[in-house]
Amino acid sequence: MSASSLAAPLTILIAPDPRLKARARPVRPEDGAEVAALVPRLFDAMYAAPGIGLAAPQVGVGLRLCVVDLQPDDKPAPLVLINPSVVAASAETATREEGCLSLPNQYADVTRPARVTVRFTNLEGKTQDLSADGLLAACLQHEIDHLDGILFVDHLSALKRNMILRRLAKEQRQKAAG
Ligand code: K1U
Ligand code: ZN
């Protein structure tokens with residue numbers, strides 16, 4: 001039995017929870033024990049959802065930390081990104097449909113830089129640069145947005161954003177009513 005399976009599963013916050021709009025603080029060396037305990041639980045919650053990324057603020061933890069796994073060819077490829085930031089972004093943009101575990105069942109086309117280089121600290125404390133395009137580039141930008149309190153709907157027009165948020169609220173009310 002793994003250590004993470006002994007802890008209660010993490011609950012993913014649903015918009016408009018105000019904790020999703022807050023800017024997370026950088027992870028510091030003294031956060032090591034909390035980060036080590038949180039990472040396996042973030043992966044458990046992400047795989048269970050299922051999703052391809054999850055940021056700490058989505059589970060109510062205001063730290064600049066996220067996990068990603070696109071599982072290419074159905075093989076696990078877990079990434080832990082501590083204090084990630086975009087250090088280079090292409091002028092060329094790409095538009096793709098995004099979802100969000102904090103806005104269940106809501107999808108929209110989002111336009112972002114097509115290629116990015118993300119600098120982060122890994123679990124061993126080493127600084128790494130990761131260059132990405134395609135879905136990984138979109139996912140990394142989506143997760144870093146979460147650390148700044150930005151949701152994918154914030155990239156849309158006010159009209160589309162409000163439509164999605166109203167639809168989400170209605171679906172959540174219906175779910176709560178059973
Ligand atoms: O941060 C999140 O809310 C996770 C989100 C990440 C994301 C998806 C699409 C584009 C950019 C970022 C998700 O994982 S939504 C669910 C999803 O995309 C998915 C679920 C199962 C299999 C494949 C994808
Ligand atoms: Zn999201």
Side-chain angles (χ1 to χ4, degrees), residues 4 9-25 27 35 38-86 89-90 92-118 120 130-157 160-169 171-172 175:
S4 67
L10 295 169
T11 301
I12 298 176
L13 304 178
I14 305 298
D17 190 299
R19 289 170 285 182
L20 293 168
K21 300 303 294 175
R23 190 176 157 81
R25 74 152 171 89
V27 173
V35 167
L38 180 61
V39 163
R41 299 178 74 204
L42 278 174
F43 276 116
D44 285 350
M46 182 192 76
Y47 292 129
I52 56 173
L54 189 64
Q58 292 180 274
V59 297
V61 177
L63 291 177
R64 300 187 78 78
L65 162 72
C66 59
V67 298
V68 168
D69 191 348
L70 266 54
Q71 301 196 59
D73 307 318
D74 284 334
K75 290 194 195 93
L79 273 172
V80 178
L81 300 104
I82 298 167
N83 296 332
S85 64
V86 175
S90 62
E92 188 192 335
T93 59
T95 301
R96 71 168 50 239
E97 189 175 74
E98 294 191 16
C100 180
L101 299 179
S102 295
L103 288 87
N105 303 319
Q106 313 303 319
Y107 303 91
D109 282 346
V110 177
T111 300
R112 302 180 183 271
R115 292 175 297 283
V116 288
T117 301
V118 171
F120 64 99
L130 173 63
S131 295
D133 62 8
L135 179 59
L136 181 57
C139 188
L140 291 169
Q141 293 175 78
H142 179 117
E143 300 311 328
I144 293 171
D145 271 357
H146 274 302
L147 307 182
D148 292 323
I150 297 168
L151 301 174
F152 80 84
V153 289
D154 296 321
H155 292 276
L156 308 176
S157 68
K160 283 188 189 164
R161 177 167 58 249
N162 290 333
M163 218 176 67
I164 289 173
L165 292 175
R166 273 197 292 268
R167 189 168 61 208
L168 173 64
E171 287 178 11
Q172 292 297 307
K175 193 177 159 200

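All ligand and atom numbering here is 1-based and tracks the order in the structure.
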>> Salt bridge or not between Lys75 and Asp69? Use side-chain N to carboxylate O under 4.0 Å.
In response: no
> Would you find a donor on one side and an acceptor on the other, under 3.5 Å apart, between the side chain of Arg64 and the backbone of Leu147?
Replying inline: yes
> Okay, side chain of Asp133, backbone of Arg115: is any donor-acceptor separation there less than 3.5 Å?
Replying inline: no
>> Please check this pair: side chain of Asp148 against backbone of Asp145, looking for a donor-acceptor N/O pair closer than 3.5 Å.
In response: no
> Which of parallel (below 30°), tilted (30 to 60°) and perpendicular (above 60°) describes Tyr47 and Phe43?
Replying inline: parallel
> Applying a heavy-atom distance cut-off of 4.0 Å, which protein residues contact ligand 1?
Replying inline: Pro50, Gly51, Ile52, Gly53, Gln58, Glu98, Gly99, Cys100, Leu101, Cys139, His142, Glu143, His146
>> Only N/O/S atoms count here: what is the atom of His142 closest to the Zn ion (ligand 2) called?
In response: NE2
> Looking at the Zn ion (ligand 2), which N/O/S atom of His146 is the nearest one?
Replying inline: NE2
> Has Lys160 got more than 12 heavy atoms of other residues, nucleotides or ligands less than 6.0 Å from its NZ?
Replying inline: no
> Side chain of Thr93, backbone of Pro113: donor and acceptor closer than 3.5 Å?
Replying inline: no
